[in-house]
Amino acid sequence: MKRLLIIIVSILAISVGLYVSIDQLSKSQGITSDNTLNFYNWGDYLDPELITKFEQETDYRVSYETFDSNEAMYTKIEQGGTAYDLAVPSEYMIQRMIKEKMVIKLDHNKIKGLENINDLFLDQSFDPKNTYSIPYFWGTLGIIYNDKFLDKEEIKHWDDLWSPTLKNDVMLIDGAREVMGLSLNSLGYSLNTKDKNELKAAAEKLSTLTPNVKAIVADEIKMYMIQEESSVAVTFSGEAAEMLDQNENLHYVIPEEGSNLWFDNFVIPKTAKNKEAAYAFINFMLDPENAAQNAEYIGYSTPNEAAKKQLPLEITEDEQFYPSNQTLENLEVYDDLGKESIGVYNDLFLEFKMHRK
Amino acid sequence: MTKQSKLFYFIPYSLWLIFFVAAPLLLIFYQSFFTVEGQFTLANYQTYFESGTYLRMTVNSVWYAFLITVLTLLISYPTAYLLNKTKHKQLWLLLIILPTWINLLLKAYAFIGIFSINGSVNDFLLFIGIGRQQILFTDVSFLLVATYIEIPFMILPIFNALEELNPSYERASRDLGANGLDTFRRVVFPLTLNGVKSGIQAVFIPSLSLFMLTRLIGGNRVITLGTAIEQHFLVTQDWGMGSTIGVVLIVAMLLIMVLTGEKKKKERGHK
């Protein structure tokens, strides 16, 4: 009994001691909540030199944390353990966070440089008039192929995935919206459809893809494509950019008949303690010079038109990542369809996964 | 020790059981009666038993779990038997247990490297003239990796049962004229059956809901109920349906426990 008490008391004492010393340590480094920006971003999604530059230009210090999925970020912000001042969710998550009042309305008087952003990427359905969010990067869903096994002419459209020559050679991304979406697009339907017949037709068409499907995986696609395990895969442009970096035989195609357009935008969560710092960082990243530096470092497509002009031509003329306006017009952003319709997509996708060769 | 202090020591233990065992089970059960919109319903169970997809998935899960269990048993019993006869058996046992200290994901990734199209197995197949084969994303590779991972959990209980077996039984059987096979069939195996049963429990139950492996090694070409649960909780946020599948799995596990557990008591009764 006595020993147990001693153990409990000493554990408590150690915890308090550690807490006090962490507090002291951060104070001695000049980190206080007044001048710190708690920035919550995707992993490997910002040129670290820009953080240094931002800290030098302003008096803010950046506390940088990363996440690897929208859902993980959502949960952490919802629980409110850390008071993040700035986060970068994707469009469907932004829509959900707006609905659940987890992000604050932006004061557009405090934002400078929004005119640099291409109009095509503003005022989207998930956030009309950009009341809550400012574009950071954008991208597409497309097909990545290896020119060792396939000719350029063979892969241009979604329908080409159904080609009999690709037997057991296609990798798909493990996402219901993405896989159902590509089938819907190939039939000329919208990837936001709620029409039962259209969905049924898409599911039926998808079932004939089964013999070609080698695997339905997630992040591992990157590794497999670089190692040439498979000759074709369906993946996001951001992932594709990294693959292209590591294997020069790989190429990325956006089917011109239509595909998904995604966004990662800045939002200020309602837990924010230092909104001024958040606005300062948004303005800092809207600056064409900084945006260009970041885009060149990360390899994703920047929505910042002024920054795009500063990028080397070989980047901005690359139709893989800056598609023509004609293709851009056919791209669609995922709408939040509501839980019931998402359930329908998911059930059809599960059924597709169940098909045996 | 007074009665009071005994109670005091029991508090953390019972709190643990209440919060981390009983409460989650009750919550899953409770959740399974709600629709996405949060209305009370029995529809989730109806969907489960009426839709061919879920039933086929259940059959799939049970079938793969069965195959994994049989394969592990076939490998583990002889291994445990021979292990028990070796000189430094504790050392050998340690070596067999050792891989369980490594994270499951790391092991899965290692197998991806070994089985991939340019991996070592395919290099070997090319060398002996068979040529490169698709190994990843097949039933064979999935069963192989799952079996590999479950083997230690089968060997341990069987080994313990064999070790506890008094060697004089075996000697007596031989003295009374039984040959080696008969001794094994009529004496050793029945007396270590309890070890086999706990091994089956330890392997079959987790195998029912393996889901990381179905994606990493099976490339989602092998679908089990674990995959469906993951999707319902993370993608569709249909916690009701996810919980319903969870309840079905729990019931299936209870059935296995009862089937493999009850006979034990009867045997004791005979003694």
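Residue numbers begin at 1 in each chain, while the letters A, B, ... track the order of the sequences. This structure is a prediction, so every number in the text was calculated from the model and none was measured.
- Salt bridge A:D195/A:K200: absent, no basic N to carboxylate O contact under 4.0 Å.
- Using bins of under 30°, 30° to 60° and over 60° for the plane-to-plane angle, the ring pair B:F29/B:F33 lands in the perpendicular bin.
- Only the side chain of A:Y224 has a heavy atom closer than 4.5 Å to any heavy atom of chain B.
- Salt-bridge annotation for B:D139 and B:R221: absent, with no side-chain N of the basic residue lying under 4.0 Å from a carboxylate O of the acidic one.
- For A:E351, the parts lying under 4.5 angstrom from a heavy atom of chain B are both the backbone and the side chain.
- Contacts between residues 99-113 of chain B and chain A, counted as heavy-atom pairs separated by less than 4.5 Å, involve B:Y109, B:I112.
- Under the side-chain contact (heavy atoms from CB on, under 4.5 Å) test applied with A:L250, the options A:L244, A:D245, A:D147 reduce to a single match, A:L244.
- With respect to chain B, the highest number of heavy-atom pairs below 4.5 Å among A:M171, A:R96, A:E228 belongs to A:R96.
- Neither the backbone nor the side chain of B:N122 comes within less than 4.5 Å of any heavy atom of chain A.
- Only the side chain of B:T227 comes within less than 4.5 Å of a heavy atom in chain A; its backbone stays farther off.
- Only the side chain of A:L4 comes within less than 4.5 Å of a heavy atom of chain B; its backbone N, CA, C and O stay farther away.
- For B:M241, no part lies near chain A; criterion is any non-hydrogen pair under 4.5 Å.
- Without hydrogens or angle criteria, A:S183 side chain to A:M180 main chain gives no donor-acceptor distance under 3.5 Å.
- Inter-residue side-chain proximity for A:D174 and B:R215 is flagged as met; some heavy-atom pair is nearer than 4.5 Å.
- For the pair A:K205 and A:W158, the cation-pi criterion (under 6.0 Å, within 45° of the ring axis) is not fulfilled.
- More than 12 heavy atoms of other residues, nucleotides or ligands lie within 6.0 Å of CZ in B:F40, so this atom counts as buried by the packing criterion.
- More than 12 heavy atoms of other residues, nucleotides or ligands lie within 6.0 Å of CD in A:E78, so this atom counts as buried by the packing criterion.
- Remark: A:L141 CG to A:I173 CD1 distance equals 7.0 Å, nearest 0.5 Å.
- The environment of CG in A:D44 is sparse: at most 12 heavy-atom neighbours from other residues, nucleotides or ligands sit within 6.0 Å.
- Heavy-atom pairs under 4.5 Å with chain A peak, among B:T35, B:D238, B:L136, at B:L136.
- A donor-acceptor pair is defined here as one N or O able to donate and one able to accept, closer than 3.5 Å; no such pair exists between the side chain of B:Q31 and the backbone of B:W239.
- Residue contact with chain A, scored on non-hydrogen atoms closer than 4.5 Å, involves the backbone and the side chain of B:L216 alike.
- Ring planes of A:F236 and A:W262: perpendicular class, angle over 60° (limits at 30 and 60°).
- Here the side chain of A:Y334 pairs no donor or acceptor atom with the backbone of A:E91 at under 3.5 angstrom.
- Residues of residues 58-73 of chain B that come within less than 4.5 angstrom of chain A, heavy atom to heavy atom, are B:N60, B:Y64 in numerical order.
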